[in-house]
> 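Questions regarding the structure given below will be posed in turn.
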There are 2 protein chains.
Amino acid sequence: MRKKRTKEQAMDQQLPALGVEPYLELMNQTAAEDTERKSAHMGLLMLWLSDNVLDVMDGDLAPYGISESKLDLLLLLVLHEGRELITPSGLADRLGIRRASVTALLDWLEKRGWIIRIQSEADRRMIHVRITEEGRALVKQVLPTFWSTCASLFDGLSQEERVIAEKLLIKLHGIVEKRMGGGR
Amino acid sequence: MRKKRTKEQAMDQQLPALGVEPYLELMNQTAAEDTERKSAHMGLLMLWLSDNVLDVMDGDLAPYGISESKLDLLLLLVLHEGRELITPSGLADRLGIRRASVTALLDWLEKRGWIIRIQSEADRRMIHVRITEEGRALVKQVLPTFWSTCASLFDGLSQEERVIAEKLLIKLHGIVEKRMGGGR
DNA sequence: CGCAACTAATTAGAATATCTAACTAAAAGA
DNA sequence: TCTTTTAGTTAGATATTCTAATTAGTTGCG
């Protein structure tokens, strides 16, 4: 879970917002010679942006009592439904976390009645995970907000800017996805 | 702390990577009427990208035994040094977390000798936080990696694409920053 | 002045999200 | 059958956050 923002501060010994410039100055003194300054600057913005994007989404999902990562798991269950059997191991692999972490996640979701575990007939070590009707109802309730929050990230962009943004995002996503060895 | 990626999975009951299409199909069924589909699609990519960006950075910083958020705090100390007095309250406000959380962060950093707390003379309730020589040394050691990781996020982009990306990132950062009420 | 009200920081206790290592039970191999 | 491997869970840990209560110091005001 990430930050929250509330007011709890006397307008007093507050640190002024520095903006990006002091960071760039520091970069000039501390980056390796072969580091492309312009790219590093963009990366810094990207990092800040990423932080804020996740905060915004978690903030908008909070009223539903579910985090983005748990919703992610539920969506996985919805999208793979019928196609293939979903096991904790499979989920761990797809989410990039350990089996033990999935166990904890599933415990949490099961406690709320949003998923069920069914022991596999074929291989009795395995568990099949399924979303319940209640889980499906939750997803249905949450998704409109999810999508509108997604869209809201680009609210100030013109039509042309959106076209550009789309291409770029696809490319960046590809670059970083590769760098992670991941795949969604 | 976010995910990690390791192999610990039999090539067996793995969930296939679905890609973005099933998500878009689901969006068509579940987004509100007035949600702009193209933007929502981009937002989804942005969300995935954000997750990956933070993972990449935390992965690259891990060898130094410090997380991005703790490095962030140390950088704040470096950049405000000499200009203004830095208190836990001020830090909490700037980092968008509670004073109690800052206390925990400072305990951790102090235990490693990277910061010190100095009781204020003027107002004995207050604490001034300062980075130590060891803390400065750590920052100096980490920053080259930090910047090169930042830059690496754009490794596959052409020169023109970078120019476009820069404009766009500045704009998006502005949008989301505003949406958060934040300021760095 | 002296006390009520406020403020700064910490402590205590909790939740989430992750990890590693050890364990249990089942399946597979030889 | 007996060993090894696999799936899932448990146990115990760390990190990052929170709220509420506490301690100690400052300020305002009658």
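Keep in mind that the numbers below use all heavy atoms, side chains included, and drop hydrogens, waters and symmetry copies. Here is how names work: the chains are called A, B, and so on, in the same order as the sequence lines, proteins then strands, and each is numbered from 1.
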> Can we say A/Asp60 and B/Arg179 salt-bridge, meaning some charged N sits less than 4.0 Å from an Asp/Glu carboxylate O?
yes

> For A/Arg98 and D/dT6, what is the distance between atoms CZ and P respectively, to the nearest whole Å?
14 Å

> Treat each ILVMFWY residue as a node, draw an edge where side-chain heavy atoms are under 4.5 Å apart, and state whether B/Leu49 and A/Leu157 are in one component.
yes

> Indicate the ring-plane relationship of A/Tyr23 and A/Trp48, choosing parallel, tilted or perpendicular according to the 30° and 60° boundaries.
perpendicular

> With a 4.5 Å cut-off on side-chain heavy-atom distances among I, L, V, M, F, W and Y, is there a chain of contacts connecting B/Leu138 to B/Leu61?
yes

> Looking at A/Ser120, I'd like to know whether one of its side-chain N or O atoms comes within less than 4.0 Å of OP1 or OP2 on D/dA7.
no

> What's the CD1-C1' distance between A/Ile86 and D/dA7, to the nearest Å?
16 Å

> Taking only side-chain nitrogens and oxygens of A/Ser89, does any of them come within less than 4.0 Å of OP1 or OP2 of D/dT6?
no

> So if I take residues 100-108 of chain A and measure heavy-atom distances to DNA chain C, which residues fall below 4.0 Å?
A/Ala100, A/Ser101, A/Ala104, A/Trp108

> For the residue pair B/Arg162 and A/Ser39, establish whether any side-chain heavy-atom pair is separated by less than 4.5 Å.
yes

> Please check: side-chain N/O of A/Asp93 versus main-chain N/O of B/Leu15, any donor-acceptor pairing under 3.5 Å?
no

> Please tabulate, for the side chains in residues 28-35 of chain A, all donor-acceptor contacts under 3.5 angstrom to protein atoms that are two or more places apart in sequence or on a different chain.
unit_1  : atom_1 : unit_2   : atom_2 : d
A/Asn28 : OD1    : A/Arg37  : NH1    : 3.4
A/Thr30 : OG1    : A/Leu26  : O      : 2.7
A/Thr30 : OG1    : B/Trp147 : NE1    : 3.0

> Donor-acceptor pair, B/Thr132 side chain versus B/Gly113 backbone, under 3.5 Å?
yes

> Starting at the 5' end of DNA chain D and moving along, which residue's nearest nucleotide shows up first, B/Ala122 or B/Lys111?
B/Lys111

> Between C/dT16, C/dC19, D/dT17, which nucleotide has the shortest distance from any of its atoms to the side chain of B/Ile97?
D/dT17

> Measure from CD on A/Glu121 to P on C/dA25 and round the result to the nearest Å.
19 Å

> Do any side-chain nitrogens or oxygens of A/Thr87 fall under 4.0 Å of OP1 or OP2 in D/dA7?
no

> Given atom CG of B/Asp58 and atom P of C/dT18, what is their separation to the nearest angstrom?
12 Å

> How many whole angstroms separate atom CZ of B/Arg99 from atom P of C/dA12?
17 Å

> Expressed in angstrom and rounded to an integer, what is the separation of B/Gln119 atom CD from C/dA9 atom P?
10 Å

> Can you tell me how far C1' of D/dT16 sits from CD1 of B/Ile66, to the nearest Å?
14 Å

> Does the side chain of B/Lys70 get closer than 4.0 angstrom to OP1 or OP2 of D/dT16 through an N or O atom?
yes

> Answer with yes or no whether the hydrophobic clustering places A/Trp114 together with A/Tyr64; edges join I, L, V, M, F, W, Y residues whose side-chain heavy atoms lie under 4.5 Å apart.
yes

> Does the pair B/Glu81/B/Arg136 count as a salt bridge with the N-to-O cut at 4.0 Å?
yes

> Using a cutoff of under 3.5 Å, can you pull out all pairs of nitrogen or oxygen atoms linking the protein to nucleotides 28-30 of chain C, with atom names and distances?
none

> Report the distance from atom CG of A/Leu91 to atom P of D/dG8, rounded to the nearest whole Å.
9 Å

> Can you identify which nucleotide, out of C/dT10, C/dA26, D/dA7, has its nearest atom closest to the A/Arg124 side chain?
C/dA26

